Amino acid sequence: MENKSRLSSVYLLFVFLVLYAPILFLMYYSFNSGGTMHGFEGFTLEWYMEVFQDTRLIIIVINTLVIALLSAAIATMIGIMGALAIERMQRRRVKNALLSLNNVLIVNPDVIIGASFLILFTIAGIKLGFVSVLLSHIAFSIPITVLMILPRLQEMSPTLVDAALDLGASRRDVLTKVILPFIKPGIFSGFFMALTYSLDDFAVTFFVTGSGYSTLSVEIYSRARQGVALSINALSTLIFLFTVLLVIGYYFINRRYNQTSMQKVARVKESAAEAGVQQ
């Protein structure tokens, strides 16, 4: 058992090294005063200052954040309705078919999705730009949110809904006061997953973005084609740190929610115990 534990630890360390070594290498040279990635000549913040002084780049960052937040919020709301619809399906074959269709959208290559959206928007006469990028990001984020929310719905006991209805709660009250609070961790997970997917997406966005409108992934790609510039390293470092902050924020939110839930359960048990003693 000890040998297996050591091997698994070494393997895990190797995987993390392969994943994070290029990112750390990129971050290291973002402080290089030499202007190249061939030798570190000295520490400087010049490339970060260049990023913050680039007005066009700041506008693109704002565009990217707006697209990510809007698409994640809308996709999460649609994902909640989709997960509820799938969970309430009585026919097993129809339910499995819907789940399969949802999963196909996730594993489908981004190039095919991007090309399909490009053809659709061209036929529909939708101008490529903010609207086309937003609709595309909503579309590929919905299956992700459904997969995050659906397991929480499956964990919920149907007796909770029956008890609420027996106590006189309306359908709206059941949804807002029983179902949504129970699946809140899944909702947060779906939102943050959709947010990160939107921030990272390049292939779909590359197809549906128009002239005069761009996102960070497309801008970084276009700049990298012109040659290696350490301002790209600085920008990538800032994006990576922002993503890390999102993950840490989600961790603390989820942890706080779990602690609050455990405290509520403990209070209910104490109240039940006191009621039993009084009887």
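Keep in mind it's a predicted model, so treat the numbers as computed, not measured.
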Group every Ile, Leu, Val, Met, Phe, Trp and Tyr by side-chain heavy-atom contacts under 4.5 Å, then state whether Leu241 and Ile23 land in the same group.
yes
Which heavy atom of Ser217 sits nearest to which heavy atom of Asp200, and what is that distance?
CB-O, 4.4 Å
Expected output: side-chain Thr209 to main-chain Tyr213 donor-acceptor under 3.5 Å
yes
Can you give each donor-acceptor pair under 3.5 Å made by side-chain atoms of residues 119-140, sequence neighbours left out, with the distance rounded to 0.1 Å?
from, atom 1, to, atom 2, distance (Å)
Thr122, OG1, Leu118, O, 2.7
Ser132, OG, Gly129, N, 2.8
Ser132, OG, Gly129, O, 2.9
Ser132, OG, Val208, O, 2.7
Ser136, OG, Ser132, O, 2.8
His137, ND1, Ser198, OG, 2.7
His137, NE2, Thr205, OG1, 2.8

Residue from Asn63, Val61, Leu57 passing side chain to side chain contact (heavy atoms under 4.5 Å, CB included) with Ile59:
Asn63
Decide if atom OH of Tyr48 counts as having more than 12 heavy atoms of other residues, nucleotides or ligands within a radius under 6.0 Å.
yes
Sequence neighbours excluded and cut-off under 3.5 Å, please list the side-chain donor-acceptor pairs for residues 72-86, or say none.
from, atom 1, to, atom 2, distance (Å)
Thr76, OG1, Ala72, O, 2.5

Phe202 side chain near Val204 side chain, heavy-atom distance below 4.5 Å
no
Is there a donor-acceptor contact under 3.5 Å from the side chain of Arg152 to the main chain of Phe182?
yes
Tell me if the OH atom of Tyr197 is crowded by more than 12 foreign heavy atoms within 6.0 Å.
no
Heavy-atom count around Met49 CE within 6.0 Å, excluding the residue itself: above 12?
no
Is the backbone of Leu99 close enough, under 3.5 Å, to the side chain of Asn103 for a donor and an acceptor to pair up by distance?
yes
For Phe14, does the CZ atom have more than 12 heavy-atom neighbours from other residues, nucleotides or ligands under 6.0 Å away?
no
Please tell me if the side chains of Phe240 and Thr237 come closer than 4.5 Å, counting only heavy atoms from C-beta onward.
no
For the atom pair OG (Ser231) and CZ (Phe52), what is the distance rounded to the nearest 0.5 Å?
12.5 Å
What's the separation between atom CG in Asp201 and atom OG1 in Thr64, rounded to the nearest 0.5 Å?
11.0 Å
Which pairs, with at least one residue in residues 64-81 and sequence neighbours excluded, count as a salt bridge (Lys or Arg N to Asp or Glu O under 4.0 Å)?
none
Rounded to the nearest 0.5 Å, how far apart are CG of Leu150 and CD1 of Ile183?
9.5 Å
Over all heavy atoms of both residues, which pair between Leu26 and Asn233 is shortest? Give the atoms and the distance, please.
O-ND2, 3.3 Å
Can you list the residues that meet the side-chain hydrogen bond (donor to acceptor under 3.5 Å, both in side chains) rule with Ser189, with sequence neighbours excluded?
Tyr250
Could you give all pairs that pass the salt bridge (Lys or Arg N to Asp or Glu O under 4.0 Å) test and reach residues 32-58, with sequence neighbours left out?
Asp54-Arg223, Arg56-Glu219
Please report the C-alpha distance between Leu70 and Val66 in whole Å, then the side-chain angles of each, then the deciding distance to 0.1 Å, and finally whether the side-chain contact (heavy atoms from CB on, under 4.5 Å) criterion is met.
CA-CA 6 Å; Leu70 276 178; Val66 170; 3.8 Å; yes
Hey, quick one: are Phe43 and Tyr28 part of the same hydrophobic cluster, counting side-chain heavy atoms closer than 4.5 Å, chains of contacts allowed?
yes
Can any side-chain N or O of Asp110 pair as donor or acceptor with the backbone N or O of Ala203 at less than 3.5 Å?
no
Do Trp47 side-chain atoms and Asn32 backbone N/O form a donor-acceptor pair below 3.5 Å?
yes
What pairs meet the salt bridge (Lys or Arg N to Asp or Glu O under 4.0 Å) rule with one or both residues in residues 67-93, with sequence neighbours excluded?
Glu87-Lys95
Close side-chain approach of Val111 to Phe207, heavy-atom, < 4.5 Å
yes
Phe25 CZ: over 12 foreign heavy atoms closer than 6.0 Å:
yes
Please answer: with hydrophobic residues joined when any side-chain heavy atoms are less than 4.5 Å apart, are Phe242 and Val218 in the same cluster?
no
If we ignore hydrogens and angles and just use 3.5 Å, is the side chain of Ser33 paired with the main-chain N or O of Gly42 as donor and acceptor?
yes
dist Thr55:OG1 -> Ile60:CD1 (nearest 0.5 Å) comes out at 11.0 Å
Taking C-beta and beyond as the side chain, do Leu199 and Ile239 meet within less than 4.5 Å on heavy atoms?
no
Approximate separation, where rounding is to 0.5 Å, of Leu147 CG and Asn102 CG
5.0 Å
Does the pair Phe191 and Leu69 meet the rule for a side-chain contact (heavy atoms from CB on, under 4.5 Å), with working shown?
CA-CA 9 Å; Phe191 175 80; Leu69 291 171; 4.3 Å; yes
CD1-CD1 distance between Ile179 and Ile149, expressed to the nearest 0.5 angstrom:
12.5 Å
